[in-house]
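What's counted below: heavy atoms across the whole structure, side chains too, no hydrogens, waters or symmetry copies. Remember, predicted model here, so these are calculated numbers, not experimental data.
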Amino acid sequence: QGCQLVTALLGLAEPTAVLESVLSLSTDDIVQLATEATGSRIFDAFFSCAGVTSKMKRALVKKLHGRFVNLACHRLGSYVVDACYRNSKAKSQDDIAQELLAEEHKLRENFFGKHVIRNCELHDHKHTGSLHGSKQQNKKRLFSDIVDDSEQFDSVPARKRTKKEKKS
């Protein structure tokens, strides 16, 4: 019931004290919460909370550093790993991915680990080293044939075709 209370308090307009108390928990306590049915819901509320800053998210990810593989192989912990990855910036995502890739064989052998491999896009991280950079390159490559940087856009826009022109 305490976890449900914390989850509800995170929905308040000013949950700063609750956020700080969650971050003040020891790593072992956070891991224990992440592997409990009601406790794991705190992390969804934490990341969806309007008052949480990127600094707070980064602090939570740092606390879990070294524990992501074990969490990824757990029924409920795998959801927490997904939430951490999904709600982190590129640098933290790369750190999480590197830790998971170091034990990829363990994840591949585990039912929940397989889902984490897919959800955290580990295949892309493995082949590019950094997912953030590869996504930017893919976007540039995708639009390079449409938009040419050297092209001047001073030309007159094309006129609309009339109904007669469309019929023929």
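Taken to the nearest 0.5 Å, the CD1 atom of I30 stands 5.5 Å off from the CG atom of L60. Taking CD of E109 as the reference point, atom CD of E104 lies at 11.0 Å (rounded to 0.5 Å). Interatomic distance, S21 OG to L9 CG, rounded to the nearest 0.5 Å: 8.5 Å. Atom SG of C120 is separated from atom CG of L107 by 9.0 Å, given to the nearest 0.5 angstrom. In this structure, CG on L19 lies 10.0 Å from CD on E14, to the nearest 0.5 angstrom. Atom CG of residue L33 and atom CZ of residue R41 lie 13.5 Å apart, to the nearest 0.5 angstrom.
L76 and E36 make their closest contact through CD1-C, 3.4 Å (heavy atoms, listed as atom of the first residue, atom of the second, distance). Smallest separation of non-hydrogen atoms from V81 and F68: CG2-O, 3.7 Å. Contact between E99 and V69 at its shortest, heavy atoms only, is O-CG2, 3.6 Å. What you find for S54 and K89 is that their closest heavy atoms are CB-CE, 3.9 Å. Pairing each heavy atom of C3 with each of G39, the nearest pair is SG-CA, 3.6 Å. Closest approach of V52 and M56 over heavy atoms only: CG2-CB, 3.7 Å.
Of the candidates N110, L100, L71, I96, L100 is the only one forming a side-chain contact (heavy atoms from CB on, under 4.5 Å) with V116.
In terms of modelled atom types and a separation under 3.5 Å, the side chain of T35 and the main chain of Q32 share a donor-acceptor contact. Remark: side-chain polar atoms of S48 are paired, donor with acceptor, to backbone N or O of D44 under 3.5 angstrom. Listed for the K62 side chain is no donor-acceptor partner under 3.5 Å among the backbone atoms of K57. A distance-only check finds no donor-acceptor pair linking the side chain of Y85 to the backbone of Q93 [under 3.5 Å].
A chain of hydrophobic side-chain contacts below 4.5 Å, direct or via other Ile, Leu, Val, Met, Phe, Trp or Tyr residues, connects V31 to V61. Transitive grouping of hydrophobic side chains (ILVMFWY, heavy atoms separated by less than 4.5 Å) keeps I42 and Y79 in distinct clusters. If you chain together hydrophobic residues whose side chains sit under 4.5 Å apart, F47 and V80 fall into the same group.
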Practice item. Evaluate the criterion side chain to side chain donor-acceptor pair (under 3.5 Å) for residue pair K114 and N119; output intermediate values, then yes/no. Key: CA-CA 9 Å; K114 290 176 187 176; N119 295 343; over 6 Å; no

Exercise for review: Please step through side chain to side chain donor-acceptor pair (under 3.5 Å) for the pair D29 and S26, ending with a clear verdict.
Suggested key: CA-CA 5 Å; D29 289 340; S26 71; 3.2 Å; yes

Check your understanding: Could you walk me through whether K106 and C73 pass the side-chain contact (heavy atoms from CB on, under 4.5 Å) check?
Key -> CA-CA 8 Å; K106 186 174 180 182; C73 293; 4.2 Å; yes

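No side-chain heavy atom of I117 sits less than 4.5 Å from a side-chain heavy atom of H123. Between L101 and Q98 the shortest side-chain heavy-atom distance falls below 4.5 Å.
Its side chain within the 4.5 Å cluster rule, F112 clusters with F111 among the Ile, Leu, Val, Met, Phe, Trp and Tyr residues.
For D82, there are no salt bridge (charged side-chain N to carboxylate O under 4.0 Å, His left out) partners, not counting sequence neighbours.
Within 6.0 Å of atom CZ in R118, more than 12 heavy atoms from other residues, nucleotides or ligands are found, so the atom counts as buried in its surroundings.
Note on R58 versus D95: no salt bridge recorded, every NZ/NE/NH1/NH2 to OD/OE distance being 4.0 Å or above.
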